[in-house]
Amino acid sequence: MSATRKTAASKRQPANAAASESGGTAPIVATSQVSRFHTETLTTLSNDIDLKDVNMTIGQRTLLAGANLRLFRGVHYGLVGQNGVGKSTLLKVLGYKLLAGFPSNVRVLYVEQLEGADMARTVVNVVMDADRAAARARKELKLVQGALEGDDPAAVAKIMREMKMERLKDELEAADKIALERSGARGADARKKLIEQEKRMAEAKAANEEPLSNQEIIRASAEAQGLLTELFASMDLYGAEAAEAKARSILKGLRFHPAWHDRPLGELSGGWRIRVALASALHIEPDILLLDEPTNHLDLPAIIWLQDYLSQLTDTTIVTVSHDRAFLNAVADEIVVFKGQTLTYHTGNFDEYLEHTEEKRKYKEKMAEALDRKKAAAEKAIQVSMSQARKAGDDKKMSQAASKQRKLERMGMEVNEKGHRFKLNRDRAGFFLSTRDDVDLEKAEQAPTWSIPDPTPLRQAGAIIEVDCVSLGYHRKQPLLVGEVTLNIDQNARIAIVGANGSGKTTLVKALVGDLAPLKGRITRHLSAKIGYFTQHHVDELHQYPIETSALSLLLEKDPERREQDCYAHLGKYGIKGSIALQPLRSLSGGQMVRVAFALSTFGSSPHLLILDEPTNHLDYLTTEALIMALKEFAGAVVVVSHDQFFVSEVAEQVYAVRKRKLELLDGGMEEYMPFTEYQVVGRHLPSEAEPTPKIYRMRIFAPNEVVAKSRFWYFLRQLKKVKKASGEIIGVNVIQEKKPLKIKNFGIWLRYDSRSGTHNMYKEFRELSRADAVKSLYQDMAARHRARFRSIHILRVVEIEKSDDIRRPYIKQLLVPKLKFPLPHRVTKVRSTFVANRPTTF
């Protein structure tokens with residue numbers, strides 16, 4: 001027998017906190033189907049979570065209805081869904097354990113729970129104190145040691161009183177939670193224990209108001225010695241020195257300078273504080289780790305490190321909300337789709353989910369078309385049979401036609417949801433209005449339509465911004481942030497600026513828009529051009545408006561002379577439609593707030609140059625695609641600062657990197673930004689009874705890190721129709737070291753790449769120091785000559801050409817001529833075909 005109980009979220013402080021963080025003051029109510037005695041909310045033997053009939057509401061709005069929450073140990077989930085659907089609210093409910101039926105012994109950590117720390121504490125101490133049990137033991141040990149070393153028995157007695165009171169408070173809170181969640185006879189027993197605990201708490205408060213007695217002072221010293229022994233044992237268990245070393249290692253991985261480890265938290269910027277919160281989450285290593293947009297404000301090297309670190313947490317269940325497609329592909333084993341007030345699960349990474357969903361949709365469309373044709377043919381045959389039977393007066397044919405009509409009514413899905421043949425007694429149990437369901441066609445998710453107003457054409461030709469030998473900084477006596485910058489932004493430019501946090505990207509953007517004067521050099525702007533500027537600070541400013549402010553009232557306040565219909569139309573260009581435009585700003589999700597900030601930055605003007613600083617933060621993948629399409633159709637110039645690899649690759653035609661206080665043009669795009677390493681990845685099908693020793697596939701892949709190499713391995717195997725990630729496993733990954741790395745060698749590279757005109761084979765030769773450098777040059781050449789993206793290039797083989805006679809490309813052969821003279825000959829001897837009968841194999 002089962003029953004559904006509701007969590008009285010409004011009675012608990014964390015629930016109110018979660019509700020306020022989600023944008024409103026309404027309480028969050030989360031329920032699930034649990035047993036009669038509610039044992040699942042206490043302890044379980046497994047860290048697996050499988051809750052049925054999960055319902056979640058915030059105020060009058062239903063976010064989940066009858067959903068199945070399934071989180072298995074060690075599986076890394078990617079939670080995706082459109083902005084405003086309730087992803088962050090679900091993470092808060094799990095993090096604060098507001099869901100009735102959720103096991104209490106499972107350690108869950110939500111990154112945002114670490115906010116609000118003391119700004120005077122050092123960074124390493126904030127990370128170490130994320131483990132509350134260990135932090136409490138250190139605090140109590142410090143208090144007891146200090147009291148005993150002071151040789152004041154009265155002070156020892158006071159400290160013991162305070163510590164006992166704190167522990168009684170924790171016991172009372174635990175008893176209150178158990179009494180709130182249990183029902184039946186166990187609930188009555190739990191409430192009795194709660195009353196007894198409240199009585200002990202009241203007695204302790206009354207005793208603390210009394211002065212210390214001599215007997216209590218004498219007894220306190222002995223109790224303190226016993227507690228000190230207990231605390232030393234617990235500190236050995238927690239390992240204080242190992243904990244500090246681990247905390248410093250995590251901070252180093254997040255690119256914290258060692259000198260910053262002991263700096264106060266208040267001296268760090270917002271982006272670095274987010275890294276501290278992330279380091280605190282990684283330090284605890286909980287059973288379930290909940291990450292909400294962890295890549296926001298992280299630079300690309302830190303994102304790569306985070307991918308590597310998360311992939312090592314094989315025993316930790318991770319739920320990640322992220323709109324960075326490359327990051328999700330690297331870290332997610334399974335995708336959870338939050339859509340239509342329910343949760344659906346898809347094995348594989350994000351790209352595999354999109355591919356599988358599209359294949360399933362097309363399959364159902366073909367099935368529906370075939371079923372429609374079958375029904376149409378059956379109806380036509382029935383009509384002909386009935387017409388002939390009426391003319392002939394044949395009752396037998398009429399009964400046959402009636403039988404065909406009944407068979408027509410039974411037509412529908414011929415397979416069940418698992419793809420097995422439909423069986424009425426198995427797949428149609430219960431009462432239904434029809435024998436079989438019709439084919440349920442799922443509409444493909446459409447990206448919201450964004451429309452950025454095109455600017456009026458400029459009468460004068462020339463660049464919008466010209467930067468000539470500019471040096472930037474905030475004070476002449478301090479070191480320069482960026483020096484000797486030369487940049488030309490024409491009227492159709494598509495430029496991306498990448499770089500590590502703190503390298504000077506935002507400083508450069510401020511100089512471009514005129515918010516910062518250069519220390520040296522000159523910045524010339526077009527006299528008639530308008531410049532639009534979007535940054536995440538504009539989103540933060542929206543939180544400063546009064547509670548009742550809506551998106552519509554914000555635009556009307558900016559331009560009171562505008563009609564309300566015009567403001568509605570402008571907001572609609574960015575997906576803020578209907579009642580969303582009238583909702584208070586604080587009730588909107590992060591992605592919806594970004595849309596409002598976009599609408600506000602382009603309201604009343606059509607900029608000729610649009611400068612976007614981290615525009616994809618908080619945007620879901622569909623909205624990111626809408627932004628990409630809008631920027632491609634935008635007639636003006638675009639400059640973006642972003643760490644989103646997919647976004648930069650789709651939008652930018654020129655990519656600049658800020659590093660070593662210089663602005664460098666990357667001819668190879670984002671692929672050139674990250675160094676390459678050669679990996680040998682070995683994988684196979686999962687062993688089964690039918691095939692206990694499956695075939696092994698080996699592939700050499702050039703990638704910036706091991707996580708990307710594994711992701712590329714599965715991508716290529718799926719393209720070759722060999723193995724999918726869901727049904728395979730990786731046996732090993734080895735780094736291939738280059739022989740004689742300082743010797744200049746010639747390399748021949750066979751590759752296959754996809755373009756709009758189809759799949760092409762190609763052979764190229766390069767003269768470089770190492771194989772990795774040759775591949776890097778290849779990516780640069782493919783991006784410049786053929787507009788080929790990184791993900792579309794499949795390197796089949798890289799071979800060192802040792803004999804000069806084997807070189808086939810003229811421009812490489814010319815470099816081997818002992819006495820090379822210029823100008824070079826225009827005609828060279830033809831060579832035989834590059835692709836011969838025996839082509840190199842992929843494996």
Side-chain angles (χ1 to χ4, degrees), residues 80 82-84 296 323-326 354 444-458 464 489-498 509 512-513 529-536 538-539 542 551 554-555 566-578 580-581 588-655 669-670 787 789:
V80 300
Q82 294 189 4
N83 290 134
N296 284 356
H323 303 308
D324 188 333
R325 297 177 64 154
L354 293 179
E445 290 185 314
Q446 299 294 332
T449 304
W450 280 34
S451 177
I452 301 176
D454 289 334
T456 56
L458 293 172
I464 297 178
I489 304 176
D490 58 33
Q491 297 184 16
N492 297 314
R494 294 292 186 274
I495 295 175
I497 300 175
V498 299
V509 168
L512 293 179
V513 299
K530 297 180 181 178
I531 300 176
Y533 181 38
F534 171 84
T535 177
Q536 285 298 320
H538 295 163
V539 180
L542 295 179
L554 196 61
L555 295 189
D566 296 337
C567 296
Y568 265 119
H570 184 74
L571 290 170
K573 293 178 181 179
Y574 299 92
I576 304 297
K577 302 178 180 179
I580 300 179
L588 302 181
S589 66
Q592 291 170 337
M593 293 284 275
V594 172
R595 300 184 194 186
V596 174
F598 262 106
L600 190 61
S601 61
T602 58
F603 183 61
S605 63
S606 299
H608 298 87
L609 170 62
L610 198 55
I611 299 179
L612 310 176
D613 190 356
E614 296 292 352
T616 59
N617 286 358
H618 303 292
L619 292 182
D620 59 55
Y621 73 97
L622 288 176
T623 309
T624 301
E625 290 183 357
L627 176 59
I628 291 172
M629 294 303 298
L631 292 177
K632 287 182 177 180
E633 296 174 359
F634 179 56
V638 177
V639 175
V640 297
V641 176
S642 178
H643 298 127
D644 191 327
Q645 303 173 51
F646 174 77
F647 178 74
V648 171
S649 299
E650 290 293 325
V651 172
E653 297 176 358
Q654 292 178 301
V655 179
M670 287 297 289
R787 298 291 182 184
R789 304 294 188 188

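Just the heavy atoms: all of them, side chains too, but no hydrogens, waters or symmetry mates, feed the values below. The structure presented is a predicted model; accordingly, all values stated were derived computationally and were not measured.
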Under 4.5 Å between any side-chain heavy atoms of Leu610 and Leu631, yes or no? yes
Hey, does the side chain of His608 reach the backbone of Gln491 with a donor-acceptor pair shorter than 3.5 angstrom? no
Let me know which of Ile576, Leu571, Leu600 forms a side-chain contact (heavy atoms from CB on, under 4.5 Å) with Arg595. Ile576
Which residues share a side-chain contact (heavy atoms from CB on, under 4.5 Å) with Ala493, sequence neighbours left out: Ile489, Asp490, Ile495, Ala637
Taking only residues two or more places apart in sequence, or in another chain, which ones meet Lys530 in a side chain to side chain donor-acceptor pair (under 3.5 Å)? none
Which residues satisfy the side-chain contact (heavy atoms from CB on, under 4.5 Å) test with Val641, sequence neighbours excluded? Ile497, Lys505, Val509, Asp613
Apply side chain to side chain donor-acceptor pair (under 3.5 Å) to Glu633 and list each qualifying residue two or more places apart in sequence or on a separate chain. none
Answer whether the closest heavy-atom distance between the side chains of Glu625 and Glu650 falls below 4.5 Å. no
First locate atom CG of Asp566, then atom CG of Leu555, and finally report the distance between them rounded to the nearest 0.5 Å. 10.5 Å
Test item: Leu512 and Tyr533 side chains (from C-beta on) under 4.5 Å apart, heavy atoms: no
Min side-chain heavy-atom separation Arg494-Phe634 under 4.5 Å: yes
So which atom in Phe534 and which in Pro615 form the shortest heavy-atom distance, rounded to 0.1 Å? CE2-CA, 3.7 Å
Side chain to side chain donor-acceptor pair (under 3.5 Å) involving Asn492 - partner list, sequence neighbours excluded: none
Restricting to side-chain contact (heavy atoms from CB on, under 4.5 Å), what partner residues turn up for Ala635, sequence neighbours left out? Asp454, Pro455
Taking the side chain as every heavy atom from C-beta outward, state whether Ile628 and Lys632 have any atom pair closer than 4.5 Å. yes
